[in-house]
Amino acid sequence: MTPPSNEAGQSANALDNLLTESRTFPPSAEFADKANAKADLAERAAADRDAFWAEQARRLSWTAEWDQVLDWSGAPFAKWFVGGKLNVAYNCVDRHVEDGHGEQVAIHWEGEPGDSRTITYADLKDEVSRTANALSSLGLVAGDRVAIYMPMVPEAIYSMLACARLGLTHSVVFAGFSAEALRSRIDDAEAKLVITTDGQYRRGKPAPLKAAVDEAVAQTPTIQKVLVVKRTDTEVEWTEGRDVWWHDVVADQSTEHTPESFDAEHPLFILYTSGTTGRPKGILHTSGGYLTQAAYTHHNVFDHKAGQDVYWCTADIGWVTGHSYIVYGPLANRATQVVYEGTPNTPNEGRHWEIVQKYKVSIYYTAPTLIRTFMKWGADIPAGYDLSSLRVLGSVGEPINPEAWMWYREHVGANRCPIVDTWWQTETGAIMIAPLPGVTACKPGSAMGPLPGIGAKVVDEAGVAVGKGGGGYLVLDQPWPAMLRGIWGDEERFRDTYWSRFADQGFYFAGDGAKYDDDGAIWLLGRVDDVMNVSGHRISTTEVESALVSHAKVAEAAVVGATDPTTGQGIVAFVILRGGVEAGDDVVKELRDHVAKEIGPIAKPRQIMVVPELPKTRSGKIMRRLLRDVAENRQIGDVTTLADSTVMDLISSGLNKGS
Ligand code: ATP
Ligand code: MG
C-alpha cells in the first residue's frame, strides 16, 4: 500500500490530511468596506476577552448590570454575566417597538400552500404578550417546562418567546418526530404543557399532528394541558379539561404584558440533540450569555444590517439553528426575516428561489444536504429566478464539500456573495468557527477559524495542538457565553461526554475530527466515531466523500469503514449519481480511480455502491452507522430518527440484486 501523498511522516496526527484545496475567495473591496466586522474585532477580543464579551453583552438591554463577566470556578459549569438581569423576549421584541421600529416587518411568513402573513414588530409584541397572558392563565409559572411540538407557523415563535418572557423553559420537539420521541422528551423534562397544532402540511398535504400528542400524553404523568393551534382543519380527538384551543385562550387576552427580569443564568430552553450518534441528550441553555453570543454571531457572521437586510434561515425550530438563527439571534438584532413552513420542492423545485425573489432575500442560510439536493435538481432551476438581492450565503450542519460550495457560490451567489461555513453544535448554542465575510479570504469547504472571542484548536491524542497540515480532534479550549450549562438531569453524562476525553487540559471535546491546512485554516472532517482506519492510516469520511462529489457524475456520497481482514477497515462508498448518469461497472471504476487520483491510492474505496437515496436524519445529516451495518452485512440498527425509514429497504434491496 502506498502511503497518502502528503502526510506520510506525521505519525502524531490523529487523522491523516489527504485533500488539498488551493482556491481562495477574498471579499470584494466594497463588501469589506461596509462590513460590520473588520479585522480589529479579533484584536479587541485577543487583548481582553472578558472586556470583549462585556462589550458584546451591551448589544442587549439589561435591567441589572452583571458584577462578573465569567465565573469558571465551578468548571465545567460556567456562569456568564453573573448578577446580570434581563428579559430575553423584551430584548427580541419590545425594545424594538419602544425604539420606534414597531412598523418594521419582523416576519414574512410563507405557508406551504401559498398563504402568507406579514408580522411587524408591533404585531409580534401584541402576539407574544397575548400568548404570555394565556400561558399564565393556564397556571404556568417561571421555571416550569413547556414542550412545543409544532410546524413552522408563527404561533410556534410566539410560543417560544412567550415562554422566554415568563421564564418558562421550552423544549421544542421537531414536529416530524414520533409520539414516542415526544413522550420521552416530555418525561425527561417533566413538562406541564404541550403546545401543538391540529395538523401540519407536508409536501402539499395536511397530515395529523395532535394525534401524536394524544398518544404521547396518554402516558406522561406531568402534562396538565394541551394547547392546540388550528392550522389544517384536521379533525382531532378532544379531551375535555386537558385540551384547549389557541383561539379560545389566546385570542381574547390583553396585548399588554409587563416582562419580568430574570437572572442571566435562568434556564431558557432544553433542546434534545438530533440523535445522529445515539440516545438524545437534553442540552440546557440559559439566558444572558446565550442571547449575547447568538446576537453577536448573527451580526458579524452574516453581516446583518437591521432595517436593510431580508434574512432567511431555512432551518426548522426543532433544531438549534432554528432557535439561535430564526428566533433569538435575528430578533435580538431587529432582523426582517422570512419564515417558510414547508418543503423546498412544494409545489416545485424552484420554491426557495421564488421566495428569495418575492421578498428580496439578501442573506440566505441553509444546510449542505439541501445544497447537494439543489445540485441534483440542476442549475437551471435557480437560474430561472432573480436572485440578485442575495449578498451573503451561509451553510451549517455538516462539512460542505468543496464542489457543493463552488456550486452554491456560482449558481446561487452569482460568484459575488461571500459564503460563510459555520461550525457549531446544539451544545455550543451559537456559531463558533466561521469566516467573517468582510475580512476572511474563504476557501471552499473550510469553516476557516474560530470567531473573535472563541477558542478552538485541533489537537492530537495527547491534547497537544497539531501544527499546520496536521489532523486530529477539535476541542474548545476556553469557555464561551452560549455554552451548554449541562445535560438536563444528568451531570455525570455531561462530564463524561464532553469533558473527560481531555480532562487534564480542561478542553471541551466536540466529538468532531478536524485538520489545519498549510495556511492554518480549519477543516472539519466529520465525527471522530466515523473516522476510518485503513492499514494504520486514519482517514476521514468527509475527505473521501468530497473527492467523490468532485466528480461530475456524482451528486451525493456517503463513506464508511467496514471491517477488512487485510487492512483493518476497508472504505465502502455509497453514491447517488447525478440525473441522467447510468450506473454500471464503468462508473464504479471511474470513481475509484478518481478518488485515488484526488487524494491518493490509500483512500481508494474497496467497494462503491450506487444507491437511489442515502439515510438521513430529519435535519438532513447522513446516518453513517446504518450504512456501516449494510457494509458489514449486519442487521440494520435503530432507524427511528431517520427522515424516511423506507430508504434502508431501498438500499438493501438494490444491493441484493448485486451492484
Ligand atoms: P447528536 O449529537 O445527537 O448525535 P448532532 O451532532 O447531529 O446529533 P447537532 O448539534 O445538530 O446534532 O449537530 C452538530 C454537529 O454537526 C457537529 O458536531 C458537526 O459534526 C456537524 N456540523 C455542524 N456544522 C458543521 C459545519 N459547518 N461543518 C462541519 N460539520 C458541522
Ligand atoms: Mg452532536
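Excluded from the calculations below are hydrogen atoms, water molecules and symmetry mates; all remaining heavy atoms, backbone and side chain alike, are included. The first residue in the sequence is number 1, and the count goes up from there. In each ligand, atom 1 is the first atom listed, and ligand 1 is the first ligand listed. Being a predicted model, the structure only gives us computed values, none of them experimental.
Applying the side chain to side chain donor-acceptor pair (under 3.5 Å) test to pairs two or more places apart or on separate chains, those with a residue in residues 407-422 are Tyr365-Thr422. Every pair tested for ring-ring contact (aromatic ring centres under 6.0 Å, His included) that includes a residue from residues 442-470 fails, sequence neighbours excluded, so the list is empty.
For Arg391 and Asp309, the salt-bridge test passes: some basic side-chain N is under 4.0 Å from an acidic carboxylate O. Under a 4.0 Å N-O distance rule, the pair Arg501/Glu461 qualifies as a salt bridge. Salt bridge Arg185/Glu190: absent, no basic N to carboxylate O contact under 4.0 Å. Taking 4.0 Å as the cut-off between side-chain N and carboxylate O, Glu492 and Arg495 do not count as a salt-bridged pair. Looking at Asp517 and Lys443, a side-chain N of the basic residue comes within less than 4.0 Å of a carboxylate O on the acidic one, giving a salt bridge.
Only the backbone of Trp424 comes within 4.0 Å of ligand 1, counting heavy atoms alone; no side-chain atom from C-beta on gets that close. For Thr426, heavy-atom contacts with ligand 1 shorter than 4.0 Å involve the backbone as well as the side chain.
At under 3.5 Å, a nitrogen or oxygen of Lys621, whether backbone or side chain, sits near a nitrogen or oxygen of ligand 1. The N/O atoms of Val396, backbone and side chain alike, include none that comes under 3.5 Å of an N/O atom in ligand 1.
Residue-ligand proximity, Lys281 to ligand 1, at heavy-atom distances under 4.0 Å covers atoms 2 (O). Applying the 4.0 Å criterion to heavy atoms of Thr422 picks out, from ligand 1, the atoms 24 (N), 25 (C), 26 (C), 27 (N).
The closest approach between a heavy atom of Ala447 and any atom of ligand 1 is not below 4.0 Å. Look at Tyr272 and you'll find every heavy atom at least 4.0 Å from all atoms of ligand 1.
For atom 6 (O) of ligand 1, the candidate residues are Gln425, Arg625, Met623, Arg527; the nearest heavy-atom contact is made by Arg527. Comparing Asp530, Asp421, Val320, Asp512 by heavy-atom distance to atom 19 (C) of ligand 1, the nearest is Asp512. In this comparison of Thr428, Leu271, Thr273, Ile522, the heavy atom closest to atom 3 (O) of ligand 1 sits on Thr273.
Gln478 and Tyr508 form no side-chain donor-acceptor contact under 3.5 Å, judged by distance and modelled atom types alone.
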